[in-house]
Amino acid sequence: MALRRLLPVGVFAAQVLGAAHPIITPAPSLEDRDQALARREFDPGSYINSVISGLGSDVSSYVISGVPQFFQDFPVGNSVEKSLGIDDDDLKATPTQVLNIPGYANWTDSGWSVRIHGNVFKQPNITREKLDDLANVFLIGVDIDELPENQQNQARNLTSSIFVVQQDDVSVAINFQNDVYVRPNASGGVVNAKGGVQSFELPYNTTTEGDFDAWVTLQNTTGSDGGHLIAGNATSQIQALNVYTNGTNTGNATAYLVPPTGFTIISDIDDILRITKIYDPKEGLLNSFARPFVAWENMPEIYANWSASIDNFHFHYLTTTPEQATRNYMDFIYKTYPLGSFDTRPLNFSDVSATLSIRRALLDKIFQTFPNRKFVLMGDTTNSDVMKDYPQLAKDYPGQVQCIFLRNTTATDSTDLFPYDTSGFEDIDQKQYMFFVHADDLRGADIVGGNCHNTAVVQNVTFGYQGRGFGNEVDSAGNSAHWSWTALCAGLLVTLGQFLL
Ligand SMILES: *[C@@H]1O[C@H](CO)[C@@H](O)[C@H](O)[C@H]1NC(C)=O
Ligand SMILES: *[C@@H]1O[C@H](CO)[C@@H](O)[C@H](O)[C@H]1NC(C)=O
Ligand SMILES: *[C@@H]1O[C@H](CO)[C@@H](O)[C@H](O)[C@H]1NC(C)=O
Ligand SMILES: *[C@@H]1O[C@H](CO)[C@@H](O)[C@H](O)[C@H]1NC(C)=O
Ligand SMILES: *[C@@H]1O[C@H](CO)[C@@H](O)[C@H](O)[C@H]1NC(C)=O
Ligand SMILES: *[C@@H]1O[C@H](CO)[C@@H](O)[C@H](O)[C@H]1NC(C)=O
Ligand SMILES: *[C@@H]1O[C@H](CO)[C@@H](O)[C@H](O)[C@H]1NC(C)=O
Ligand SMILES: *[C@@H]1O[C@H](CO)[C@@H](O)[C@H](O)[C@H]1NC(C)=O
Ligand SMILES: *[C@@H]1O[C@H](CO)[C@@H](O)[C@H](O)[C@H]1NC(C)=O
Ligand SMILES: *[C@@H]1O[C@H](CO)[C@@H](O)[C@H](O)[C@H]1NC(C)=O
Ligand SMILES: *[C@@H]1O[C@H](CO)[C@@H](O)[C@H](O)[C@H]1NC(C)=O
Ligand SMILES: *[C@@H]1O[C@H](CO)[C@@H](O)[C@H](O)[C@H]1NC(C)=O
């Protein structure tokens, strides 16, 4: 049954929330593909019932985690092939492509250790008609034909990057080159490495979902001009090396060699670096699938200023958007914000319950990779995992969290009715965090000095669950949010019905 894979969205939340804690698989595992698919066998009848009963009796648990994330459950494995009526043989002549996600490296006793992560896949040739049908599943209340042409193309582009066939158990070979184009003043203290050219085969083959995520230790090779990589304890600059994947032009990325001490900003993207309106489903889907990405307020200026004024500031962009949508995010970020490393949601975290812990897993990984760096955490109130994880990191890694900045999305957007929980901040020093309304509120924050709260921005935080109309805290505004979500889910069921036919 491949149907579940055809459905995008958070309607699965009702079904899976409350399930046992997900098992996070740290090392690549080469699980048998059939076994993996059997595990995911999907019964549409029980699914529909669970969505409806989930909405009827337990709306608050459906949203307790914050915004139901509609980027769930993209198709994986051979469900894509099934839905397109093709098989591996049909793809034999299709070139293998690689999504290579820019990673970071830390300085260890054996040298620079670089994290290489991404996905290997093939892109089936899908007819335009079929692609439009598939794209329409992701759009609410609008048909792809009704969109302006550039938006139609964007929707088709993203849809085709979702309907790819991941390649499991293949080896990945990479080539490091010191040919990064570093933009003056826009690269967060990044310099091009002088040396380090070398090539590796990754230590593991790709997982069932086509993912790879491995560390490789760089040798100290000599550059053409006689230069070398600088040791991590001999510089505070961030050296960049390009990472090319052998056998394809699609797997280019940059690796950032980040010294043990200094400042790193870990920034979420949706509703903080770009306008998504994830809390308004119809808008959120259009802003994600069809419209060009648009920066939120003057965040690009704020980041450019930080990049220029904070020495060797390392930018790390961390979004829990699924890997398949990563290219759009990277294209936008690198055109708009300082260069930096990236994390998105790997495919083995593709169900909703795992999504709730993926951010923390990715955050733990970078905190543990740089135990002596200080982190600035940027996010917004609509992500329940952000609201929980950011203050918890300040407690779990004492001295490593320099600032937490949270955009209060409700303050500027009355359509954001999602609840959030501020209780994690109760015992955190106000100097360490700030809830803010406009990007300009960040100007007065003194990151390096540790005065993260711009005192001109009044903080009205009451610590606890900020019910915005769900569960026990229903009010008239909340009811309308409840109904818009119910309508959304009903709409998706109709869409699902069309797919079943
Ligand atoms: C720098 O690190 C290397 C490898 O860990 C070590 O051998 C060397 O002694 C360190 N140098 C300094 C100045 O700390
Ligand atoms: C994709 O399929 C169409 C016909 O459906 C064909 O005209 C086109 O050449 C194919 N493209 C590739 C890259 O195979
Ligand atoms: C989507 O568009 C980008 C940029 O134009 C292009 O590089 C990429 O190949 C397209 N992806 C697909 C799957 O068509
Ligand atoms: C990894 O994949 C390659 C083919 O890409 C295969 O030849 C090799 O045996 C695999 N290695 C392991 C350890 O499974
Ligand atoms: C980079 O910043 C310095 C100092 O702010 C400035 O003098 C210089 O013109 C900038 N360079 C570019 C290319 O913007
Ligand atoms: C990758 O390609 C380069 C040349 O482009 C070659 O020198 C290198 O041996 C290849 N690496 C592996 C591990 O196959
Ligand atoms: C590489 O070797 C050069 C020359 O011996 C040395 O100056 C440099 O510190 C080394 N770099 C690293 C990363 O070990
Ligand atoms: C990747 O890098 C290679 C080598 O520089 C280049 O030819 C190719 O166009 C690049 N691919 C993309 C998608 O930019
Ligand atoms: C480098 O990163 C790895 C992987 O996160 C971590 O286990 C290791 O402790 C780090 N090394 C240092 C010296 O910080
Ligand atoms: C967010 O903004 C709303 C509306 O101004 C306000 O009621 C609420 O207290 C703010 N929340 C925080 C945590 O600042
Ligand atoms: C605090 O509440 C006031 C009044 O509702 C509002 O104007 C202000 O934006 C809020 N501050 C924050 C950071 O949300
Ligand atoms: C630029 O950043 C510095 C350091 O964080 C800060 O002091 C200054 O106010 C900022 N200026 C602007 C215009 O954002």
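Just follow the structure's listing: the first ligand is 1, and inside any ligand the first atom is 1. All heavy atoms count here, side chains included; hydrogens, waters and symmetry mates do not. Numbers here are sequence positions counted from 1.
Which parts of ligand 8 touch N252 is read off a 4.0 Å heavy-atom cut-off, strictly below it: atoms 1 (C), 2 (O), 3 (C), 8 (C), 10 (C), 11 (N), 12 (C), 14 (O).
Side-chain contact annotation: D270 with Y329, donor-acceptor N/O pair under 3.5 Å present.
Distances shorter than 4.0 angstrom occur between a heavy atom of N249 and an atom of ligand 8. Ligand 9 has no atom lying under 4.0 Å from any heavy atom of F370. Within the 4.0 Å heavy-atom cutoff, P371 counts among the residues contacting ligand 9.
Between R156 and D132 there is a salt bridge, with a side-chain nitrogen of the basic residue lying less than 4.0 Å from a carboxylate oxygen of the acidic one. Between R291 and E283 a salt bridge is recorded (basic side-chain N to carboxylate O distance below 4.0 Å). A salt bridge links D213 to R115: at least one charged side-chain nitrogen sits closer than 4.0 Å to a carboxylate oxygen. A salt bridge does not link D88 with K92: every distance from a Lys NZ or Arg NE/NH1/NH2 to an Asp or Glu carboxylate oxygen is 4.0 Å or more. With salt bridges taken as basic N to acidic carboxylate O contacts below 4.0 Å, none links K82 and D87. A salt bridge is absent between K388 and D385; no separation between the charged side-chain nitrogens and carboxylate oxygens falls under 4.0 Å. R327 has no carboxylate O lying under 4.0 Å from a charged side-chain N of D331, or vice versa, which leaves the two without a salt bridge.
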Distance dump, ligand 1 polar atoms to protein, N/O, under 3.5 Å:
from, atom 1, to, atom 2, distance (Å)
ligand 1, 2 (O), W107, NE1, 3.2
ligand 1, 2 (O), N233, ND2, 2.3
ligand 1, 5 (O), D109, OD1, 3.4
ligand 1, 11 (N), N233, ND2, 2.8
ligand 1, 14 (O), N233, ND2, 3.2

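Checked by distance only, ligand 9 and K365 stay at 3.5 Å or farther apart across all their nitrogen or oxygen atoms.
When every heavy atom of M387 is checked against every heavy atom of T422, the shortest pair comes out as CE-CG2, 3.9 Å.
With a heavy-atom cut-off of 4.0 Å, T369 touches ligand 9 through backbone and side chain alike.
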